[in-house]
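A quick write-up on the structure given underneath.
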Protein chains: 2
Amino acid sequence: MALENQELRKAGLKITLPRVKIYQILERAGEGEHFSAEDIYKMLMETGEDVGLATVYRVLTQFEAAGLVARHHFEGGHSVFELARDEHHDHVVCVKCGKVREFVDPTLTVRLDEIADELGFTVTDRTLYLYGVCRDGCEES
Amino acid sequence: MALENQELRKAGLKITLPRVKIYQILERAGEGEHFSAEDIYKMLMETGEDVGLATVYRVLTQFEAAGLVARHHFEGGHSVFELARDEHHDHVVCVKCGKVREFVDPTLTVRLDEIADELGFTVTDRTLYLYGVCRDGCEES
DNA sequence: TTATCAGATGCGAAAGGTTTTTATTAGTGT
DNA sequence: ACACTAATAAAAACCTTTCGCATCTGATAA
């Protein structure tokens, strides 16, 4: 049995075609690649799957509740999704084209721990988004 | 002439009642207090001002473009605004007692600019929240 | 295997926050 | 004050996300 089916079962979700297909798309995403519900919907259309946009949203919300994916909220009220991973990463968001990239920087974690320490805090988690514009290849979608 | 009028002029914006009123509301906000467009709209209603919600959004967007206010995007797709202060500040949040403290660290900005630069981005703004616990004097709310 | 049924889906319509459009009104420089 | 231009209110448009409901599907039992 495929890996994604085990994940779905573990989450108490029935194995259905939309769920499997959506999980596979998320699995195929490269490191740091984030998809919007619309992105996923379009990919499903392209491969001829008959899955509604509402279902994509429903499934992603269920995956999120089950801890399978992480949802990130952005400007304009739209979200992107990625398979949940262990390693902490932060995000860069282009305010022009909406592209999201992530990065990992251990020295940042060290510095932030220092700063918090000076304030008498012990950090357990963080949310960091850098907003800006990509210098090249930034096209309005 | 009032201070806010000078700010508006400097930004190349005409002095209009909605702009002055909205600016005053933002000025009255305490440090670290954030308002949504809806909040501001309601406050205007309460004082009997006849300003439409669309105008609030338009004015806030203009203020943002002029660098007068900072916009923060929150989960759920709505934004909040605050008067722009000179130096960027980040937040530390205690997940136990809910206390929020601000900190300023220029070296952090430098480092984040470097990171973004390597990714081909130019940073214009950021959102950084450190979640953790305060080591002392932390009381459950 | 087949029947059964809770749960999932697709479609269309609606919600919620934000932006644009359009006709009208109000600042501003002269 | 006058003319010119920008700004406004109100409504409608927009866009992502959610809901309602009839239909369909997958898991379990017979």
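Sequence lines set the chain letters: A, B, ... in the order given, protein chains first and strands last, and positions in each chain run from 1.
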Q.
Tell me the interatomic distance from B:Leu13, atom CG, to C:dT28, atom P, rounded to whole angstroms.
A. 11 Å
**Q.** A:Leu17 or B:Thr61, whichever maps to the more 5' nucleotide of DNA chain C
**A.** A:Leu17
Q: Between B:Pro18 and A:Ala54, just flag the one whose closest nucleotide in DNA chain D comes earlier from the 5' side.
A: B:Pro18
Q. Base, sugar-phosphate alone, or nothing: which one does B:Ala37 contact when heavy atoms must sit under 4.0 Å apart?
A. nothing
(Q) Could you tell me how far apart B:Leu44 (CG) and D:dA9 (P) are, to the nearest whole angstrom? (A) 10 Å
(Q) Tell me whether B:Arg71 is salt-bridged to B:Asp125, with the criterion being a basic N under 4.0 Å from an acidic carboxylate O. (A) no
Q. Got a donor-acceptor pair under 3.5 Å from the side chain of B:Arg58 to the base of D:dA9?
A. yes
Q | N/O (side chain, B:Thr16) to phosphate O (OP1/OP2, D:dT8) under 4.0 Å | A | yes
Q. So, the side chain of B:Thr122 versus the backbone of A:Gly132: is there a donor-acceptor pair under 3.5 Å, distance only?
A. no
Q.
Without decimals, in angstroms, what is the distance between A:Met45 CE and C:dG10 P?
A. 8 Å
Q) How many Å lie between CZ on A:Arg19 and C1' on C:dG7, as a whole number? A) 8 Å
Q: Please round to the nearest 0.5 Å and tell me the distance separating atom CG of B:Asp90 and atom CD1 of A:Ile115.
A: 7.5 Å
Q: Measure the CG-CE distance between A:Leu53 and A:Met45 for me, rounded to the nearest 0.5 Å.
A: 9.0 Å
Q. Taking CD1 from A:Ile40 and P from D:dT17, how many angstroms apart are they, rounded to a whole number?
A. 11 Å
Q: Classify the nucleic acid contact of A:Leu53 as base, sugar-phosphate or nothing, counting any heavy atom under 4.0 Å across all strands shown.
A: base
Q. Just how far, in rounded Å, is C1' of C:dG17 from CG of B:Leu60?
A. 14 Å
Q: Mind checking A:Ser79 for me? I need base, sugar-phosphate or nothing, with any heavy atom below 4.0 Å counting as a touch.
A: sugar-phosphate
Q. When you check the phosphate oxygens OP1 and OP2 of C:dT28, does a side-chain N or O of B:Arg9 lie under 4.0 Å from one of them?
A. yes
Q: Measure the spacing between CD1 of B:Ile40 and NZ of B:Lys42 and express it to the nearest 0.5 Å.
A: 12.0 Å
Q: Quickly work out the B:Tyr57 OH to D:dA9 C1' distance and round it to whole Å.
A: 16 Å
(Q) Check this one for me: any side-chain N or O of A:Thr55 less than 4.0 Å away from OP1 or OP2 of C:dG10? (A) yes
Q.
Output the rounded distance in Å from NZ (A:Lys14) to P (D:dT25).
A. 12 Å
